[in-house]
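Every number for a ligand or one of its atoms is a count from 1 in the order of the listing. Residue numbers start at 1 and run along the sequence shown.
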Amino acid sequence: MLEVSSPAKAILFGEHAVVYGKPALAISLDRRMTVKAFPAGLPKVDGGPLSMRKHRYVRWAYNNLWDGPTLAFKTRSSIPSASGLGSSAALSCSIAAILNYLKGEFTEEGTARSGFQIEYNVQGKASPTDTSCSTHGKGILVTYEPREELLWSIEKGETTWHVHHIAPPDLELVVGYTRKPSITPIQVEKVKSFYDRSGFAKETIEEIGDLVNDGLKALKEGDVVKLGGLMDRNHSLLTILGVTSKEIDRLRDAAGPYSYGTKLTGAGGGGSILALTDRPHKVSEAIKKRGGVPYIVRPSKEGTTLNILDSETVDVILQQVQGQKG
Ligand code: MEV
């Protein structure tokens with residue numbers, strides 16, 4: 001009755017450092033997670049019962065953010081899971097949008113907030129970068145001080161993240177998926193234990209933060225040579241934090257000769273690299289030859305979109321939920 005779709009994201013600069021009070025710059029990508037919701041006798045996902053192990057994000061959302069009639073969900077995705085491209089954020093935002101809409105509370109900001117709430121509760125330590133990027137589409141800048149073009153501010157504990165709109169840049173990009181899963185909580189924990197015991201880790205995080213501002217300037221000027229150089233530098237700093245892997249390095253070696261710059265994107269450990277290039281087919285071939293899965297991508301203009309397929313059923317559910325509230 002209701003179909004919602006949310007885009008993948010790629011962090012251009014600042015992953016991990018954003019968890020420690022530094023800025024991050026992310027763009028959405030033209031690969032999407034689509035979720036359909038319909039009334040059902042039992043809560044289900046893709047025909048199977050809502051499972052603690054297989055459907056952690058949907059299950060958390062359903063148990064904590066929904067009190068209305070029973071729903072089933074059907075998912076379809078062109079974002080590989082655990083690839084560093086935000087498939088769990090896109091799922092969280094899509095489910096958040098569905099439940100908020102059926103509660104009569106749908107807004108872009110509300111989707112970003114509920115999407116973050118879902119991801120945070122399932123993953124533990126996380127910033128709202130991925131979920132805000134997927135909700136808004138285009139690009140976003142996350143900072144600890146509000147600036148111009150503020151979209152919303154999200155608080156958790158002591159931390160407040162300010163999320164800003166960035167126009168979708170005209171960049172040619174290739175993602176190289178390593179086929180090795182990137183497990184965000186494991187990588188975030190790994191960085192945390194290094195950060196807690198090392199001044200060098202703190203300096204490295206500081207340096208990543210400085211580089212994000214240079215990246216933003218280069219992005220606004222459309223200077224791909226500068227951007228590429230900063231991507232390489234950001235990757236070297238992430239290597240110091242211990243989140244690269246031989247699979248990532250192999251794909252960077254393959255893509256490097258045909259790119260302005262390459263870096264891991266997302267939590268690392270596995271997942272994907274991002275190559276900025278004007279020879280996307282050459283980069284794709286090179287990635288494929290080294291065992292990776294290439295995707296030629298473009299920044300997406302659309303964030304979370306909502307499409308009502310059966311307005312009568314939607315109205316019935318809206319009335320039931322309003323009735324429960326009243
Ligand atoms: C994961 O895509 C990005 C990290 O910075 C974690 C986060 O911001 O939640 C590693």
Side-chain angles (χ1 to χ4, degrees), residues 6-29 31 33 56-57 79-93 112-113 115-136 139-144 153-164 175 177-178 180-195 201 204-209 211-212 215 231 234-235 237-245 248 263-274 297:
S6 304
K9 64 84 206 176
I11 298 186
L12 275 182
F13 301 107
E15 50 272 270
H16 288 290
V18 70
V19 178
Y20 297 89
K22 302 296 162 210
L25 187 55
I27 51 169
S28 59
L29 301 178
R31 301 189 73 82
M33 162 74 72
R56 289 181 304 148
Y57 295 87
I79 315 170
S81 61
S83 61
L85 302 176
S87 70
S88 64
L91 176 62
S92 300
C93 294
R113 287 185 184 284
F116 173 59
Q117 210 185 342
I118 298 167
E119 202 171 61
Y120 188 92
N121 281 286
V122 175
Q123 285 187 3
K125 207 168 169 57
S127 79
T129 311
D130 296 7
T131 39
S132 283
C133 189
S134 187
T135 301
H136 182 59
I140 61 158
L141 173 72
V142 181
T143 64
Y144 286 75
S153 304
I154 295 186
E155 278 175 34
K156 191 88 214 169
E158 312 264 278
T159 314
T160 303
W161 292 273
H162 301 286
V163 180
H164 307 78
V175 164
Y177 173 42
T178 59
K180 184 181 175 194
S182 167
I183 312 296
T184 302
I186 295 179
Q187 299 305 319
V188 169
E189 201 42 53
K190 189 171 173 182
V191 173
K192 186 177 180 300
S193 71
F194 186 29
Y195 182 89
T204 305
I205 295 239
E206 202 65 40
E207 234 187 283
I208 294 178
L211 184 147
V212 176
M231 285 168 72
N234 194 163
H235 184 84
L237 295 167
L238 288 164
T239 302
I240 296 172
L241 294 182
V243 292
T244 192
S245 67
I248 291 172
K263 66 180 277 289
L264 72 82
T265 186
S272 302
I273 65 149
L274 190 64
V297 290

Any protein N or O within less than 3.5 Å of an N or O in ligand 1? List each pair with its distance, or say none.
unit_1: ligand 1; atom_1: 2 (O); unit_2: K9; atom_2: NZ; d: 2.9
unit_1: ligand 1; atom_1: 2 (O); unit_2: D130; atom_2: OD1; d: 3.3
unit_1: ligand 1; atom_1: 2 (O); unit_2: D130; atom_2: OD2; d: 2.8
unit_1: ligand 1; atom_1: 5 (O); unit_2: H16; atom_2: N; d: 2.9
unit_1: ligand 1; atom_1: 8 (O); unit_2: S127; atom_2: OG; d: 2.6
unit_1: ligand 1; atom_1: 9 (O); unit_2: S127; atom_2: N; d: 2.8

Could you verify whether a donor N or O on one side chain and an acceptor N or O on the other, from H162 and T143, lie under 3.5 Å apart?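 Side chains of H162 and T143: no pair found under 3.5 Å.
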Between S88 and E119, do the side chains contain a donor N or O and an acceptor N or O under 3.5 Å apart?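 E119 vs S88: donor-acceptor pair found between side chains.
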Reported [atom1]-to-[atom2] distance for the pair [X] and [Y], which is rounded to 0.5 angstrom:
{"X": "Q123", "Y": "I183", "atom1": "CD", "atom2": "CD1", "value": "9.5 Å"}
{"X": "I248", "Y": "K180", "atom1": "CD1", "atom2": "NZ", "value": "7.5 Å"}
{"X": "L85", "Y": "S28", "atom1": "CG", "atom2": "OG", "value": "12.0 Å"}

Only one of L238, T204, I205 clears side chain to side chain contact (heavy atoms under 4.5 Å, CB included) with V191; which?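 Result: among L238, T204, I205, I205 is the only option passing the side chain to side chain contact (heavy atoms under 4.5 Å, CB included) with V191.
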